[in-house]
Amino acid sequence: MVAFVSHVTVDCQNAYTLSEWWKPVLGYQDDPDDPNHPGHSECLIVDPTGRGIGVLFIEVPEPRSVKNRVHLDLRPAVDRRDAELERLLEHGATVVRDLRATDGSGTGWVWLADPEGNDFCILRSAAEVAQATA
């Protein structure tokens, strides 16, 4: 017997606000059977295609104090990494550390934080990876 990932849980200070911030980042929506509202202490967002796993935001009393040990690595579905990075920055993400290669190879990623400081990374798109290995 094996297990599967149902959803990823993110501890936060304001579940509704953070779920609203992440919906356009991932192209997700509220769970149609349990829509999110201001004041909810648990807010689930889901992939409307049913292919991706859900992300559940749960309010906790303590603030984040150290680097996340688990984080999301995002791969652009359409745009290139750098175009997606610009979109995320315009949406309010902040750069924690830029780990893109400086040798012109296009490899690497950018380590970002959401408005509550939760870590995530933006990787190259599948097309960029395929182009580099061709």
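- Considering all non-hydrogen atoms of both residues, E84 and P76 come closest at CB-CG, 3.8 Å.
- Checking side-chain atoms of E59 against main-chain N and O of A15 turns up a donor-acceptor pair under 3.5 Å.
- Side-chain atoms of R75 come within 3.5 Å of backbone N or O of R124 as a donor-acceptor pair.
- In this structure, E116 contributes its side chain and Q13 its backbone to a donor-acceptor pair below 3.5 Å.
- Smallest separation of non-hydrogen atoms from P32 and Q29: CG-NE2, 3.8 Å.
- Checked for salt-bridge contact, R64 and D119 meet the test: a charged N lies under 4.0 Å from a carboxylate O.
- Note that CG of D31 and OG of S19 are 11.5 Å apart. Values are rounded to the nearest 0.5 Å.
- Here the side chains of L56 and E42 are in contact, with some heavy-atom distance below 4.5 Å.
- Taking the side chain as every heavy atom from C-beta outward, H71 and N118 never approach each other to under 4.5 Å.
- For the pair G27 and P48, the tightest heavy-atom approach, listed with the atom from each and the gap, is O-CD, 3.3 Å.
- With E20 contributing its side chain and N36 its backbone, the two residues share no donor-acceptor pair below 3.5 Å.
- The CH2 atom of W111 sits 12.0 Å away from atom CG of D73, with the distance rounded to the nearest 0.5 Å.
- The pair R100-D98 meets the salt-bridge criterion, since a charged nitrogen lies less than 4.0 angstrom from a carboxylate oxygen.
- Its side chain within the 4.5 Å cluster rule, Y28 clusters with V5, V8, V10, L18, W21, W22, V25, L26, I45, I53, V55, F57, L72, L74, L85, L88, L89, V95, V110, L112, F120, I122 among the Ile, Leu, Val, Met, Phe, Trp and Tyr residues.
- Taking CD1 of I58 as the reference point, atom SG of C12 lies at 8.0 Å (rounded to 0.5 Å).
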